[in-house]
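Worksheet: the structure to be examined is printed underneath.
Computed from a predicted model, the values in this text were never measured in an experiment. Hydrogens, waters and symmetry mates play no part in the numbers below; they use all other heavy atoms, side chains included.
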Amino acid sequence: MGAEEALEFVDNLVFLKTGEHLDKTQRIILRHLWEDEKRTYQDIANSRGYTEAHLKAVGAELWHLLSKVIGVKVSKSTFQGVVQGFKTTQQSQQISQIPNLAGYDAKPQDLDSNFVGRDRQIADLHALVSRGAKVILIQGEGGVGKTTLARKYFKTQKFNFVLELWMATEIQNLTPVESVVEEWLRRYFNEEPGCDFGISLERLRRKLREQASKIGVFIDNLETALDKNGKILESRRPYVELLRLLADQDVHSVTLVTSRERLRESSVEVHLYPLEGLDDQAWRQFFSRRQINCDSTILSEMCKACGGNAKAMQILRGAILTDFSGDIHAYWRNLKKSFELCQRAIFNSEQNNFTQIKAKAISCMAELFREEGEFTRAIFHHSEAIEILDKIGAKSDLAEAYYQLALTHKKMGEIEQSRESFVQAIALFHEMQAPRQVEKVKTAMECFEK
């Protein structure tokens with residue numbers, strides 16, 4: 001079984017049991033380890049631009065999830081053999097006969113315990129589709145829950161199948177739309193693509209018009225393919241033709257697109273649906289499902305500090321359970337000062353978009369943990385901040401975040417890791433032509449290496 005086949009098999013297992021697909025980072029870990037089970041998290045981190053600490057945290061949760069899904073303990077070193085053995089035993093059975101996931105206490109109608117507070121949004125999307133909307137763009141900041149909402153909509157509305165397109169986070173890695181259409185035709189419609197893109201598009205249009213099935217199309221993270229004016233990049237203009245096809249009123253499909261930015265293509269009829277953060281009631285529901293004491297005052301403060309961001313909610317959940325044994329009061333006493341310090345600093349900054357606020361608040365927490373000697377928690381928060389800032393392209397804050405991570409590794413005595421983060425910070429500050437910042441980082445690095 002090749003890496004792609006294994007990845008698809010595992011993703012299907014997870015989706016059947018939780019209603020959620022594997023996320024991007026989980027896919028990266030599984031693919032790399034399937035290809036070479038001796039690869040380290042550091043190897044993967046170096047090749048994909050993550051930190052080792054972040055991949056270790058994601059990996060730990062992933063092995064726990066797969067252990068629950070498969071019913072056998074799964075680890076980094078055993079997962080390949082376990083998955084191969086499990087598939088062999090299932091080949092003579094229908095996949096739907098796999099036993100229910102006991103550890104999740106999930107009911108068939110509510111398999112995803114991470115999904116809270118979005119009933120109105122599901123109803124809104126349904127209303128738009130009922131009024132004839134063919135392409136709906138769910139717009140919101142990173143971590144607000146756009147992807148989760150789209151997946152949940154397709155699941156609750158019982159689509160027969162969903163054509164998926166996951167946009168890369170780097171422009172140079174965007175899949176040519178011609179390849180996407182060819183894959184859809186072959187995989188879902190048993191149709192060979194045409195000799196050029198125009199013919200392939202027409203064959204896809206015909207299939208979508210003929211189908212009696214309920215078909216969904218999911219395009220995730222479109223912002224990578226957009227320029228600063230909200231138009232599809234010149235080098236990726238064929239994507240416009242695909243979107244025009246999907247907006248055709250005669251096709252039997254519904255397309256949900258997620259993006260941090262608006263799409264502004266006049267030739268494509270797109271219905272915009274802005275998505276905001278969750279309210280504190282949703283936060284209480286989320287935390288209560290994990291047996292965390294839901295002090296209403298504390299949760300309201302946390303929700304407000306994070307703007308209701310769903311990703312921040314999950315990060316906080318993990319820290320409370322892992323570091324404070326579920327004691328939300330102890331956690332908040334330790335971190336309240338961090339939020340207050342970050343909020344005051346950010347209030348005076350010119351960059352006042354919430355995603356950066358969240359990232360800087362998390363980075364601030366990391367610095368305080370470092371000063372307290374809580375290095376594991378510091379590395380965890382550094383990694384989260386860097387991932388967010390990298391995704392939104394906030395180079396100045398990203399450079400500073402790498403610098404702070406280097407200082408933490410420096411304090412821990414980790415020479416190689418510290419040097420790597422210092423070098424990352426210097427490269428980013430060079431790109432921004434910030435000589436004073438470059439000098440600051442170089443001085444810190446030289447002091448460490450003397």
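- Ring-plane geometry between Phe189 and Phe161 is classed as perpendicular, the angle between the planes exceeding 60 degrees on a 0 to 90 degree scale with a lower cut at 30.
- Contact of the Val441 side chain with the Phe429 side chain is registered, since non-hydrogen atoms from C-beta on lie closer than 4.5 Å.
- For Arg31, the salt bridge (Lys or Arg N to Asp or Glu O under 4.0 Å) criterion is met by Glu4, not counting sequence neighbours.
- Applying the side-chain contact (heavy atoms from CB on, under 4.5 Å) test between Leu62 and each of Ile29, Val74, Val14 identifies Ile29 as the sole match.
- Once rounded to the nearest 0.5 Å, the distance linking OH of Tyr41 with NZ of Lys76 reads 6.0 Å.
- Not a single donor-acceptor pair under 3.5 Å links the side chain of Ser418 to the backbone N or O of Glu414.
- At least one side-chain heavy atom of Tyr239 sits less than 4.5 Å from a side-chain heavy atom of Met167.
- With sequence neighbours excluded, no residue forms a side-chain hydrogen bond (donor to acceptor under 3.5 Å, both in side chains) with Thr156.
- In terms of heavy-atom proximity, Leu278 sits nearest to Gly117 at CD2-O, 3.9 Å.
- By the side-chain hydrogen bond (donor to acceptor under 3.5 Å, both in side chains) test, Glu276 pairs with no residue at all, sequence neighbours left out.
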Decide yes or no on side-chain contact (heavy atoms from CB on, under 4.5 Å) for Gln417 and Met412, but give the supporting numbers first. CA-CA 10 Å; Gln417 293 93 326; Met412 296 169 68; over 6 Å; no

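- Counting only distance, with no hydrogens or angles, the side chain of Asp280 and the backbone of Trp283 share no donor-acceptor pair below 3.5 Å.
- Side-chain N or O atoms of Gln80 include one that pairs as donor or acceptor with a backbone N or O of Trp34 at under 3.5 Å.
- Of all heavy-atom pairs between Glu178 and Pro238, the closest is OE2-CG, 3.7 Å.
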Criterion side-chain contact (heavy atoms from CB on, under 4.5 Å) on Ser259 and Gln139, from CA distance to verdict: CA-CA 5 Å; Ser259 178; Gln139 182 197 359; 5.6 Å; no

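- For Glu431, the salt bridge (Lys or Arg N to Asp or Glu O under 4.0 Å) partners are Lys395, not counting sequence neighbours.
- Annotation: salt bridge (Lys or Arg N to Asp or Glu O under 4.0 Å) contacts of Asp124 (sequence neighbours excluded): Arg120.
- Formation of a donor-acceptor pair under 3.5 Å by the Glu182 side chain with backbone atoms of Pro193 is not found in this model.
- Distance alone, capped at 3.5 Å, is enough to place a donor-acceptor pair between the Lys146 side chain and the Glu141 backbone.
- A 4.5 Å side-chain heavy-atom check between Gln121 and Lys152 finds every atom pair outside the cut-off.
- Listed by chain and residue number, Ile362, Ser363 satisfy the side chain to side chain contact (heavy atoms under 4.5 Å, CB included) test with Ala385 (two or more places apart in sequence, or in another chain).
- Applying the side chain to side chain contact (heavy atoms under 4.5 Å, CB included) rule to Glu420 yields the partners Gln42, Asn46, Glu416; only residues at least two apart in sequence or on another chain are considered.
- Rounding to the nearest 0.5 Å places CG of Asp397 at 11.0 Å from CG of Leu428.
- Annotation: side chain of Tyr153 is in contact with side chain of Val129 (closest heavy-atom distance under 4.5 Å).
- Residues Ile219 and Leu246 have side chains in contact (heavy-atom distance under 4.5 Å, counting atoms from C-beta outward).
- Remark: Lys38 does not engage Asp43 in a salt bridge, criterion side-chain N to carboxylate O under 4.0 Å.
- Smallest separation of non-hydrogen atoms from Arg236 and Ile171: NH2-O, 3.7 Å.
- For the pair Arg118/Thr148, no side-chain contact is recorded, criterion being any heavy-atom separation below 4.5 Å from C-beta on.
- Salt bridge present: Glu400 and Lys440 bring a charged side-chain N and a carboxylate O closer than 4.0 Å.
- Open room surrounds NE2 on His126; 12 or fewer heavy atoms of other groups in view lie less than 6.0 Å from it.
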Evaluate the side-chain contact (heavy atoms from CB on, under 4.5 Å) criterion for residues Arg186 and Glu191: first the C-alpha distance (whole Å), next the side-chain angles of each, then the deciding distance (0.1 Å), finally the verdict. CA-CA 5 Å; Arg186 289 191 175 110; Glu191 177 89 7; over 6 Å; no

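- With sequence neighbours left out, the side-chain hydrogen bond (donor to acceptor under 3.5 Å, both in side chains) criterion links Ser77 to Ser75.
- Every residue was checked against the side-chain hydrogen bond (donor to acceptor under 3.5 Å, both in side chains) condition with Trp184, not counting sequence neighbours, and none meets it.
- Interatomic distance, CG of Leu263 versus CD1 of Ile232, reported as 5.5 Å (0.5 Å rounding).
- The aromatic rings of Tyr403 and Phe422 sit tilted relative to each other, their planes meeting at an angle between 30° and 60°.
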Output, in order, the C-alpha distance, side-chain angles, deciding distance and verdict of side-chain contact (heavy atoms from CB on, under 4.5 Å) for Leu242 and Leu204. CA-CA 10 Å; Leu242 174 61; Leu204 178 60; 4.1 Å; yes

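- Annotation for Ile138 and Ala150: closest pair CD1-CB, 4.2 Å, computed over non-hydrogen atoms.
- In this view, Asn190 satisfies the side chain to side chain contact (heavy atoms under 4.5 Å, CB included) rule with no residue, not counting sequence neighbours.
- Taking all atoms of both residues into account, the shortest heavy-atom contact from Ser253 to Val217 is CB-CG2, 4.4 Å.
- Considering CG of Leu30 and CD1 of Ile44, their distance stands at 9.0 Å, rounded to 0.5 Å.
- Scanning all heavy atoms of the two residues, the minimum distance from Ala168 to Thr224 falls at O-OG1, 2.7 Å.
- Side-chain polar atoms of His382 and Thr408 form a donor-acceptor pair below 3.5 angstrom.
- Atom CE of Met445 sits about 4.0 Å away from atom CD1 of Ile426, to the nearest 0.5 Å.
- By the salt bridge (Lys or Arg N to Asp or Glu O under 4.0 Å) test, Glu8 is found to be paired with Arg187, residues two or more places apart in sequence or in another chain being considered.
- Side chain of Lys214 to main chain of Gln157: a donor-acceptor pair is present (N/O by atom type, distance under 3.5 Å, no hydrogens or angles).
- In this structure, CD in Glu5 is found 11.0 Å from CG in Leu7, a value given to the nearest 0.5 Å.
- Contact annotation: the side chain of Tyr188 never approaches that of Ile215 to less than 4.5 Å [non-hydrogen atoms, C-beta and beyond].
- With no hydrogens or angles considered, no side-chain donor-acceptor pair links Gln285 and Gln281 at under 3.5 Å.
- Every side chain to side chain contact (heavy atoms under 4.5 Å, CB included) that Thr147 has, sequence neighbours left out, goes to Arg151, Trp166, Phe218, Asp220, Thr258.
- Asp11 places a side-chain heavy atom less than 4.5 Å from the side chain of Arg27.
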